[in-house]
Amino acid sequence: MTGREAANASGTFHFSGNPGGEIHLRDGGVVCAQSAGSPGPDALLLRTGRISESEWAAALATGTRGGIGATELHVVAMMAAHDAAFTIAAGDVDDCAFIPEAPGVAFAMSVPIDPVQLLRETSRRITSLLAMEHPLRPHRDRLTSTRGSRLRVLSPLRAEILSHATGGPTARDIAFASGRGVYPVTVEASRMAADGLLTVVTDTSPPSPELGVDIPLPRSLRSRPRLDPDEEKP
């Protein structure tokens, strides 16, 4: 796909792998990114308590969103899209194919994201995670609490992570269990591991290369002007 084609494309990038996912474009802008490895907008929204599961199901069936405002819906959808992009990139990507089609997603952002901005933010998140003292692999490192960790005074997020860290769950699993994004859970769990509150259960599988490779911009997008520094901040 050329730069001109990408600037006006409508369709879906399908990423196969573990966990894989899809990034949906409409007229060159990203309107949705989703992955089986990260909670979607519904899970993030349900966690806030602003809407129940039955209300969400009814909203999808009728095409309405009840008492949830358009701005709040857009923010939640954008959070989920950034988290899905991180999840896809932090996993094992076996192949990527673009299928021209009208994006048929149940929950699209009202204002599309520039693909360059999404790529840069995804790269920034992985780079930030790698720079930590004890970076965790969100899909592979199984976590358990350390002796005495439950006796410490913890923030609500740390206490929630600790309650799910029973030896089997990964950061991704904990994100689903708590209704939070994979990236913030992985970052906080990495800090907890550095602080001696969590430890990684020994895994005999070979190490994954997902966290160690920067994400290059496609050639067709490299010539675009850089965003203002303030626009790249989370």
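Computed from a prediction, not measured in an experiment: that's the story for all the values here.
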**Request:** Taking all non-hydrogen atoms of both residues into account, name the closest pair between A90 and I126 and its distance.
**Result:** N-CD1, 4.1 Å

**Request:** Tell me, with the steps shown, if L157 and R180 meet side chain to side chain contact (heavy atoms under 4.5 Å, CB included).
**Result:** CA-CA 10 Å; L157 175 56; R180 298 177 183 271; 3.4 Å; yes

**Prompt:** With no hydrogens and no angle check, is any side-chain donor or acceptor of R142 less than 3.5 Å from a backbone partner on G167?
**Reply:** yes

**Asked** Does D195 reach the main-chain N or O of L197 with its side chain, forming a donor-acceptor pair under 3.5 Å?
**Response** no

**Prompt:** Taking the inter-plane angle between the rings of F13 and F98 on a 0 to 90° scale, is it parallel (under 30°), tilted (30 to 60°) or perpendicular (over 60°)?
**Reply:** tilted

**Nearest-0.5 Å distance that lies between atom CG in L136 and atom CG in L129** = 7.5 Å

**Asked** P19 and T87: which non-hydrogen atoms are nearest, and at how many Å?
**Response** CG-CG2, 3.6 Å

**Asked** Without hydrogens or angle criteria, can the side chains of S190 and H134 be said to hold a donor-acceptor pair below 3.5 Å?
**Response** no

**Prompt:** Rounded to the nearest 0.5 Å, how far apart are CG of D114 and CG of L119?
**Reply:** 9.0 Å

**Asked** Any chain of hydrophobic side-chain contacts (each under 4.5 Å) joining V93 to V30?
**Response** yes

**Item:** V182 backbone acceptor or donor facing D83 side chain under 3.5 Å
**Value:** yes

**Message:** Keeping H82 on the side-chain end and Y183 on the backbone end, is there a donor-acceptor pair under 3.5 Å?
**Reply:** no

**Item:** Flag, side chain of S35 to backbone of G37, donor-acceptor distance under 3.5 Å
**Value:** yes

**Message:** For a quick test of reading the model, state the closest non-hydrogen atom pair linking A33 to A84 and the distance between them.
**Reply:** O-CB, 3.3 Å

**Asked** To the nearest 0.5 Å, how far apart are CZ in R120 and OG1 in T127?
**Response** 13.0 Å

**Asked** So which heavy atom on L44 is nearest to which on P39, and how close?
**Response** CD2-CB, 4.3 Å

**Message:** Quick one, T12 and L25 - any side-chain contact, counting heavy atoms below 4.5 Å?
**Reply:** no

**Request:** Return yes if some donor-acceptor pair links the side-chain N/O of D173 with the main-chain N/O of T170 below 3.5 Å, else return no.
**Result:** yes

**Item:** Test item: T199 side-chain N/O and T146 main-chain N/O as donor-acceptor pair under 3.5 Å
**Value:** no

**Asked** Would you call R140 and D92 a salt bridge, using N to O less than 4.0 angstrom?
**Response** yes

**Request:** Considering only NZ, NE, NH1 and NH2 on the basic side and carboxylate oxygens on the acidic side, decide whether E133 and R191 come within less than 4.0 Å.
**Result:** no

**Request:** Taking S145 for its side chain and L162 for its backbone only, find out whether a donor-acceptor pair lies under 3.5 Å.
**Result:** no

**Prompt:** Is there a path of hydrophobic side-chain contacts, each under 4.5 Å between heavy atoms of I, L, V, M, F, W or Y residues, that connects F176 with F86?
**Reply:** no

